[in-house]
Amino acid sequence: MTIRLIIDCDTGTDDAVAIMAAVCHSELELVAVTTVNGNVPLSNTTENSLRVLDHLGSRVGVYAGAPRPIMRPDFPIPRDVLNGDEPAFQIPYLDLPASKTSVQEQGAVSYLIDYYMDDANLDTVLVATGPLTNVALALAAEPRLASRIPQLVLMGGSRGWGNVTAVAEFNIWVDPEAAESVLGAGIRDVTVVPLNATHSAQITLEDCDLFDAIGTPAAIASSQIIRQRILNYPDAPDAVKRSAPVHDAICIAYLVRPDVLEDVGRYRVHVETTGTHTLGEMVIDTRLWSDSVPNARVALRANAQIFSAFLSDAFRD
Ligand code: RIB
Ligand code: CA
């Protein structure tokens with residue numbers, strides 16, 4: 001039974017690997033890609049998504065979405081300040097040939113609404129691997145989507161630490177109001193893949209050697225992208241750079257291999273939208289005695305071997 005999905009993303013490097021796995025895996029059918037401001041500006045995330053799909057000869061449509069968060073004019077710390085010290089990590093354009101395919105005329109938010117208001121599409125999983133601005137806007141414009149999107153899998157958040165501030169993960173931090181709104185919308189099946197999971201299932205240089213040996217366009221491109229991530233990952237100065245998290249692709253692996261996620265629990269999840277030091281923090285209520293009603297399944301660990309094997313299987317297809 002083929003699993004249909006839409007990826008809403010801010011293509012960057014790990015989003016690119018997620019798209020390639022979704023296009024190539026025989027058990028998956030990528031219906032569309034919707035793009036959002038995030039890793040890089042919207043025009044870049046859109047061009048990068050087009051480049052990845054062109055690289056694979058895929059005719060999947062790309063729909064451009066929000067160029068900025070729903071309430072804020074920019075990131076809580078403006079992008080040029082935030083990225084000032086790590087320009088090499090998220091490169092503006094993926095190292096693939098410029099796109100030949102054009103972005104769709106219809107916008108991402110309108111597309112998501114039209115798609116899920118069609119009863120023929122109520123099997124399609126929505127996978128969000130960037131800030132949740134598009135998803136929040138679609139839910140605000142058409143609240144019935146909350147009961148029509150069958151499953152949302154999102155890469156974002158963390159428990160206990162962050163990658164953009166001491167407590168906040170990038171996707172959630174970029175647009176905390178959007179994240180809180182999506183988590184509170186009432187979508188019946190939400191799975192959160194936070195940094196705790198993605199950092200526990202890193203892809204290694206040895207995995208990249210395996211991908212190179214597979215030799216398909218997706219395998220070779222993903223190996224190159226992941227090697228660049230390993231080389232540039234902001235790690236401890238003396239760290240032995242042999243692996244890096246490939247956050248977004250774990251969301252795709254989960255659709256085919258749910259056992260890739262471990263230490264999974266159902267919890268009430270909120271996002272801080274006003275904290276001075278905690279803005280964008282994902283608050284996961286794991287108290288055993290909590291009387292809060294869970295709104296998401298959260299994985300606090302992932303399995304590196306299953307993740308790597310999933311990518312190899314996808315790239316071989
Ligand atoms: O914090 C990691 C997430 O932020 C990933 O989705 C990465 O692509 C960026 O969007
Ligand atoms: Ca992303």
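Start at 1 and go down the list; that is how both ligands and their atoms are numbered. What's counted below: heavy atoms across the whole structure, side chains too, no hydrogens, waters or symmetry copies.
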Asn39, Thr35, Thr45, Asn48 screened by side chain to side chain donor-acceptor pair (under 3.5 Å) with Asp15, the one that passes: Asn39
Report, in ascending order of atom number, the atoms of ligand 1 lying under 4.0 Å from any heavy atom of [X].
X      : value
His247 : 2 (C)
Asp10  : 8 (O), 9 (C), 10 (O)
Met155 : 2 (C), 3 (C), 5 (C), 6 (O)
Asp15  : 8 (O)
Glu169 : 1 (O), 2 (C), 3 (C), 4 (O)

Parallel, tilted or perpendicular: ring planes of His199 versus His247, cut at 30 and 60 degrees: tilted
Look at the side chain of [X] and the backbone N and O of [Y], then say whether any donor-acceptor pair between them is shorter than 3.5 Å.
X      : Y      : answer
Asp313 : Phe310 : no
Asn134 : Ala66  : yes
Arg301 : Glu262 : no

Residue among Val193, Asp189, Leu261 satisfying side-chain contact (heavy atoms from CB on, under 4.5 Å) with Arg297: Asp189
Option with minimal heavy-atom separation from atom 4 (O) of ligand 1, where the choices are Asn171, Thr45, Thr11: Asn171
Taking every non-hydrogen atom, the tightest pair across Arg266 and Asn295: NH2-C, 4.4 Å
Test of proximity, Asn39 against ligand 1: N or O pairs below 3.5 Å: yes
Part of Thr129 with heavy atoms under 4.0 Å of ligand 1, whether side chain, backbone, both or neither: backbone
Within reach of ligand 1, part of Asn163 (heavy-atom separation under 4.0 Å): side chain
Name of whichever N/O/S atom of Asp248 is nearest to the Ca ion (ligand 2): OD2
Apex the Ca ion (ligand 2) - arms O from Thr129 and OD1 from Asp10 - angle rounded to 10°: 90°
Trace of the salt bridge (Lys or Arg N to Asp or Glu O under 4.0 Å) decision for Arg51 with Asp54: CA-CA 5 Å; Arg51 289 189 181 192; Asp54 282 355; over 6 Å; no
The Ca ion (ligand 2) to nearest N/O/S of Asp15 below 3.0 Å: yes
